[in-house]
Amino acid sequence: MSKYQPLIDIYGRDSDVLRYSLDVIEGKILSAETLYKACERHLDDLLNQDEYYFDEKRAKGIIKFAKITKDTTTGKPFTPSDFQVFWLISIVGWRVKATQAPRFKNVLITCARSNGKTAIEAILVFYSWLFDTDVNSVSGVVSIDETHVKMCWLYLHSIYNQLLDSDFKILFDELGVNVNQLEFKTKQQNIIRKFSAQSSNMDSYHMSPLVLIDEYAMFLPRNQDFLNSIDSGMILKQNSQKVIISTASVNNDSLMLPTYKRYKNQILNGTLDDRVLFVCYENTTEDYDKPETWIKSNPLLAEPHLFDTLMTGLNVAKNSLSDNQQEFIAKNLNSWILNGKSTDDYLTTQQIENAQEDKLIIPKEAKKAFIGVDLSFSGDNSSVSVVYPYRVGSKSHYAIDNHSFIPTAYAGSIQKKEQQDEINYSQAQSDGYATIIGENNGGGVIDVQDIYNYIREYIETHQDIEFMVLYDPWASEILINNLEKLDAPLLPVKQTMNILSNPTTELRNAFIKGNVHYDKRDLILTKALTNAILYSNNQGMVKVNKRKYVDKIDPLDATINGVFEGMYHVLGMTSVKDDSFFANMSQDEINEYYKQYTF
């Protein structure tokens, strides 16, 4: 550690400037490589303060302010942990030598949930508003929606109310501070406002000195214009900083993922931009059963007085999410699980692409088809998936012909629905794989009669095929009554893990083997296959799920219903219980029995 001895001589080994970084570098705190590199960078830059310098006075100021506030859970003076000190001094202390402006224009700090992020967010925003503002400036607290903005906003109000009972009241009076539910404002028009991607327009705002973006991982491509407006409004603001503090997500469509991947690659190879601060606490999927490593993503575990409480909470979360490991890995171990990289993904991108045909041709070998129906209970998409099982040599194959029904009532229009779901439904309808239910068609709500008519017409169009319809027994009674009119047997499929586990596994294995075929123009089925994750219970049974509520997997659910019986038919068997003498016999076995029987 002789390399950093000059720093120790200047600041002191136990100073706020050095303590945490040296503890990480020396291995006293178990860390991910990303954090190690961030601490190493901080120390190396302290040794070489040329274009940028470290303002120890400013760093001490933010820490002193933090300690004046109170912990909202205990009511006692807030004592920032060493890692929180490191965050604060890095954001506030590093400056541009030529202008004294903040060095880091863009900050991304990422760690597991329940690690004290909100307190630091509120302290940063409040401090910069009081001590780092120009006239007529606007600082922002930003998140995906009002619910997620609320936590930091309440913490800001808590800090304000605490400081009213201190000497800060004199400062507030001098500044003419006015606080309400919408904003914090001084007589010089220095303002803090809250914004959400769902309800705010950022075009007229030029954020400075600080915009705080909470839970960046929840922002999706449809929110890109909102974030672009923030960036464009900060271009000419020399003192502005964009600070993002967030946890990872199970959603690979998150806008945070490419930023995280880029910053991680750059900090590991030493090419991270000088104006970017990236501090990352993360585990890997391999650490799921290694609680001794969880401090890598949960820095509060380094605090002895919090260790037992936090570790107990993590174990409770792990047990409660045992059927959805991805959620625990993402939120509690702060690990991104990329498509094609995790055993929890239902399929990889390559496996999906291998199943795509330029045009779906129903093979002559397919003499029977199984129509799986997934009916939405929440006014969302519904799907009908026709599964054609057939044999090629000794291999089971499945051709899938899917059709989805897309309501627009809740989104307001098909354009908004497409933006919300990130699926080109108009193109899918043009290609014959969707029916869009517009406002002029039943008010934009799916009528089960439309689904029945589609199934009936499909069967009538394919008279050379024998059909069976498989549906959720909890589906609409109207739909079931209509289905009973069809010249096709019906089979209810309970949507429980023990029932769906086998067809879910069979379909997945068929994809892996390259034995599934569908039209590549079916954008909705492709999106469903991409969105799907797999989770299991303690008995080893599996079921598909989606990463987020807004994700769509209806076509896959319908397909699995069809495979439930199709996988038996292709082997000359059936799942239908039969108490007769010929129960569980294939048709060939029954024929053979009669050949051998003599009357």
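In this text the structure is predicted, and so the values were computed from the model without any measurement.
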When you look at Asn453 and Gln449, which way does the side-chain hydrogen bond (donor to acceptor under 3.5 Å, both in side chains) test go after all the steps?
CA-CA 6 Å; Asn453 288 339; Gln449 186 68 35; 3.3 Å; yes
Backbone N/O of [Y] and side chain of [X]: donor-acceptor pair under 3.5 Å:
{"X": "Asn115", "Y": "Arg113", "answer": "yes"}
{"X": "Ser246", "Y": "Tyr216", "answer": "yes"}
{"X": "Thr526", "Y": "Asp522", "answer": "yes"}
{"X": "Asn223", "Y": "Phe226", "answer": "no"}
{"X": "Ser501", "Y": "Val542", "answer": "yes"}
{"X": "Ser396", "Y": "Arg391", "answer": "no"}
{"X": "Asp431", "Y": "Tyr433", "answer": "no"}
{"X": "Ser232", "Y": "Ser229", "answer": "yes"}
{"X": "Ser254", "Y": "Ala217", "answer": "yes"}
{"X": "Gln429", "Y": "Ser426", "answer": "no"}

Is any NZ, NE, NH1 or NH2 atom of the basic residue among [X] and [Y] found under 4.0 Å from an Asp or Glu carboxylate oxygen of the other?
{"X": "Asp358", "Y": "Arg521", "answer": "no"}
{"X": "Asp519", "Y": "Lys359", "answer": "no"}
{"X": "Lys527", "Y": "Asp253", "answer": "yes"}
{"X": "Glu286", "Y": "Lys290", "answer": "no"}
{"X": "Arg222", "Y": "Asp421", "answer": "no"}
{"X": "Lys264", "Y": "Glu282", "answer": "yes"}

Over 60° means perpendicular and under 30° means parallel, so tell me whether Phe467 and Tyr388 are parallel, tilted or perpendicular.
perpendicular
Parallel under 30°, tilted from 30 to 60°, perpendicular over 60°: which one fits the rings of Tyr454 and His403?
parallel
So, using side chain to side chain donor-acceptor pair (under 3.5 Å) as the criterion, who are the partners of Asp450 when residues are at least two apart?
none
Partner set under side chain to side chain donor-acceptor pair (under 3.5 Å) for Asn354, not counting sequence neighbours:
Gln350
Would you sort out whether Gln356 and Tyr518 count as a side-chain hydrogen bond (donor to acceptor under 3.5 Å, both in side chains), showing the intermediate values?
CA-CA 5 Å; Gln356 295 173 349; Tyr518 76 95; 3.0 Å; yes
Of all residues at least two apart in sequence or in a different chain, which pass the ring-ring contact (aromatic ring centres under 6.0 Å, His included) check with [X]?
{"X": "His148", "answer": "none"}
{"X": "Tyr398", "answer": "none"}
{"X": "Tyr452", "answer": "none"}

Output the distance between atom [atom1] ([X]) and atom [atom2] ([Y]), rounded to the nearest 0.5 Å.
{"X": "Met567", "Y": "Phe564", "atom1": "CE", "atom2": "CZ", "value": "6.5 Å"}
{"X": "Ile553", "Y": "Ile524", "atom1": "CD1", "atom2": "CD1", "value": "14.5 Å"}
{"X": "Thr293", "Y": "Asp287", "atom1": "OG1", "atom2": "CG", "value": "3.5 Å"}
{"X": "Ser383", "Y": "Leu525", "atom1": "OG", "atom2": "CG", "value": "8.5 Å"}
{"X": "Phe370", "Y": "Lys368", "atom1": "CZ", "atom2": "NZ", "value": "4.5 Å"}
{"X": "Lys331", "Y": "Ser114", "atom1": "NZ", "atom2": "OG", "value": "11.0 Å"}

Are [X] and [Y] close enough that some pair of their side-chain heavy atoms sits under 4.5 Å apart?
{"X": "Pro221", "Y": "Glu422", "answer": "yes"}
{"X": "Asn106", "Y": "Tyr263", "answer": "yes"}
{"X": "Phe278", "Y": "Leu272", "answer": "yes"}
{"X": "Glu146", "Y": "Lys194", "answer": "yes"}
{"X": "Lys367", "Y": "Glu466", "answer": "no"}
{"X": "Ser382", "Y": "Ser376", "answer": "yes"}

Between [X] and [Y], does any side-chain donor sit less than 3.5 Å from a side-chain acceptor?
{"X": "Asn269", "Y": "Thr271", "value": "yes"}
{"X": "Thr247", "Y": "Lys117", "value": "yes"}
{"X": "Asn334", "Y": "Thr110", "value": "yes"}
{"X": "Asn283", "Y": "Ser297", "value": "yes"}
{"X": "Gln198", "Y": "Ser196", "value": "no"}

Checking side chain to side chain contact (heavy atoms under 4.5 Å, CB included) for the pair Lys261/Leu257: CA distance, chi angles, key distance, verdict?
CA-CA 6 Å; Lys261 290 168 68 175; Leu257 180 55; 3.7 Å; yes
Ring centroids only, cut at 6.0 angstrom: are Tyr346 and Phe511 within range, meaning strictly under it?
no
Is there a side chain to side chain contact (heavy atoms under 4.5 Å, CB included) between Ile144 and Glu215 once you walk through the steps?
CA-CA 7 Å; Ile144 189 67; Glu215 297 304 347; 5.8 Å; no
Working note: Tyr205 + Phe195, criterion ring-ring contact (aromatic ring centres under 6.0 Å, His included); need CA distance, chi angles, decisive distance, verdict.
CA-CA 11 Å; Tyr205 292 97; Phe195 303 90; 4.9 Å; yes
Val373 and side chain to side chain contact (heavy atoms under 4.5 Å, CB included): which single residue from Asp557, Ile455, Leu470 fits?
Ile455
Which residue is it: Ile213, Leu212, Ile244, Val149? I am looking for the one with a side chain to side chain contact (heavy atoms under 4.5 Å, CB included) to Val142.
Ile213
I'd like to know whether CD1 of Ile478 has more than 12 heavy-atom contacts from other residues, nucleotides or ligands below 6.0 angstrom.
no
Report yes or no: is the cationic atom of Lys296 (NZ for Lys, CZ for Arg) closer than 6.0 Å to the six-membered ring centre of Tyr281, at no more than 45° off its axis?
no
Table please: side-chain donor-acceptor pairs of residues 483-497 below 3.5 Å, with sequence neighbours left out.
from	atom 1	to	atom 2	distance (Å)
Lys485	NZ	Asn482	OD1	3.0
Gln495	NE2	Val493	O	2.8
Gln495	NE2	Asn561	OD1	3.1
Thr496	OG1	Asn498	OD1	2.7

Walk me through whether Glu506 and Asn502 qualify under side-chain hydrogen bond (donor to acceptor under 3.5 Å, both in side chains).
CA-CA 6 Å; Glu506 168 66 14; Asn502 285 340; over 6 Å; no
